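Some notes on the structure that comes next.
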Amino acid sequence: MRSALLAWYDATRRALPWRAPPGVRPDPWAVLVSEVMLQQTTAATVARRFPLFVQRFPTPAALAGSSLEEVLVAWQGLGYYRRARSLHACAQRLVAEHDGRVPDSLDALRALPGLGAYTAAAVAAIAFDRPVLPVDGNVARVGARLLGLALPADRVRAPVAAGLAPLAHGERPGDVAQALMELGALVCRPRAPSCSCCPVRAYCRAAGSGRARDIPARPSRRAVPVRSTMAFFLRRADGAILFRRRPDDVPLGGMIELPSSPWGEERSLDEHLAHAPAPGPWEPLPGEVRHRFTHFELRVRLARGTAGVAASGLWLAPEALSAVPVPTLTRKLLARLGVVVPHRGR
DNA sequence: TACACGTGGTG
DNA sequence: TCACCAAGTGT
């Protein structure tokens, strides 16, 4: 089973930007950065963004010596922005406590900000060939099928970790980990597993009984609540647009947005206008912009202010937006208003 | 433990 | 259009 898996990996592995060529020891910092980026983010997205990021921050010292603002700018569009904050803190810890290098023990990795059980194990295995098996969503699914565990998806990690742990021992534990993840991404997919192409089908209890598609069981979904707001667009004669910076301790913390009323229940126009950044008049625009966050949907109506209205805040020319962190929501609103935002790395 | 936390691709 | 979901972590 182990050798069949590795043989398949050697023959079909993708040349992803963070992967060292076969037989070459990867740069542990690059592995760490890639694993943090890959948390709940697709390999295709990370593949586009990773090269520029490590070029910009090639070492822990380079990232630790940059401002959080610079890191957030480089992280734009990747989502889960707390990861960028954690990575910044992580780099500073590496410089302060580990001589600017990534430690090679599981315990030391696990103690770093932003590295949980999965990522610490992944870095230990992939960068240092430690005999540990990181269990991510792919490995959990692959393992649940191999072992025939008909449990809900959010309960399979522990039994899979126990059942597959022996695979981590022996040669090339890092490649075993990546092979299982690669198998989950390419063959043992969530909805349409290609069991007929699977290199370890002979060892799979779910495939043997034709149940692969139904394992693991899907947990039931709850309805996604809707919140509403009104965003205010004010543009000066010189082209500058009024923005504000979100506080550090909220979602999208430290990032740039249009002034808006609080996100919440549906409100009347007058209630929204009470939160406008200037007296007005304001011209409500038709339609709304919908943006889906992880756990709620935000519906944004837009109002355009009259040129010449006095307001204080963060006035930025569109060209200046490349130097500040702009989340996708703000980008979407500006696009609706006909403002194109420059963006690196997309 | 359950929930908060972003975004883009996909069928 | 829309639900699903992807190399999870912190609280």
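Below, all heavy atoms of this structure are taken into account, side chains as well, without hydrogens, waters or symmetry copies. Note on naming: letters A, B, ... go to the chains in the order of the sequence lines (proteins, then strands), and numbering restarts at 1 for each one. The structure displayed is predicted, hence computed values, not measured ones.
- No donor-acceptor contact under 3.5 Å links the side chain of T328(A) to the base of dG6(B).
- L106(A) belongs to a hydrophobic cluster whose other members, connected by ILVMFWY side-chain contacts under 4.5 Å either directly or through intermediates, are V132(A).
- Every residue meeting the ring-ring contact (aromatic ring centres under 6.0 Å, His included) condition with H291(A), not counting sequence neighbours, appears here in chain and number order: F293(A).
- Checking R267(A) against S261(A) by side-chain atom types alone, no donor-acceptor pair falls below 3.5 Å.
- At least one test fails for R304(A) against the ring of W282(A): distance under 6.0 Å to the centre or angle within 45° of the axis.
- A donor-acceptor contact closer than 3.5 angstrom links the side chains of Y118(A) and E35(A).
- Proximity of residues 156-172 of chain A to DNA chain C (heavy atom under 4.0 angstrom from any strand atom) is not detected for any residue.
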Could you list the protein-to-nucleotides 2-4 of chain C atom pairs, N/O on both sides, closer than 3.5 Å?
none

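- Every pair tested for salt bridge (charged side-chain N to carboxylate O under 4.0 Å, His left out) that includes a residue from residues 198-220 of chain A fails, sequence neighbours excluded, so the list is empty.
- Residue pairs meeting the side chain to side chain donor-acceptor pair (under 3.5 Å) criterion with at least one partner in residues 157-170 of chain A, sequence neighbours excluded, are absent.
- Residues in residues 77-86 of chain A take part in these salt bridge (charged side-chain N to carboxylate O under 4.0 Å, His left out) pairs, two or more places apart or across chains: R85(A)-D248(A).
- Shown for residues 27-46 of chain A: residues whose heavy atoms fall under 4.0 angstrom of DNA chain B, namely Q40(A), T41(A).
- Of the residues in residues 117-137 of chain A, those lying under 4.0 Å from DNA chain C by heavy-atom distance are A117(A), Y118(A), T119(A), D136(A), G137(A).
- Contacts of S228(A) classified as side-chain hydrogen bond (donor to acceptor under 3.5 Å, both in side chains), with partners at least two apart in sequence or in another chain: E266(A).
- Residue W18(A) is in base contact, counting any heavy-atom pair closer than 4.0 Å across all strands shown.
- When the ring-ring contact (aromatic ring centres under 6.0 Å, His included) test is applied to F53(A), the partners found at least two apart in sequence or on another chain are F57(A), W75(A).
- In this structure W8(A) satisfies the ring-ring contact (aromatic ring centres under 6.0 Å, His included) test with no other residue, sequence neighbours excluded.
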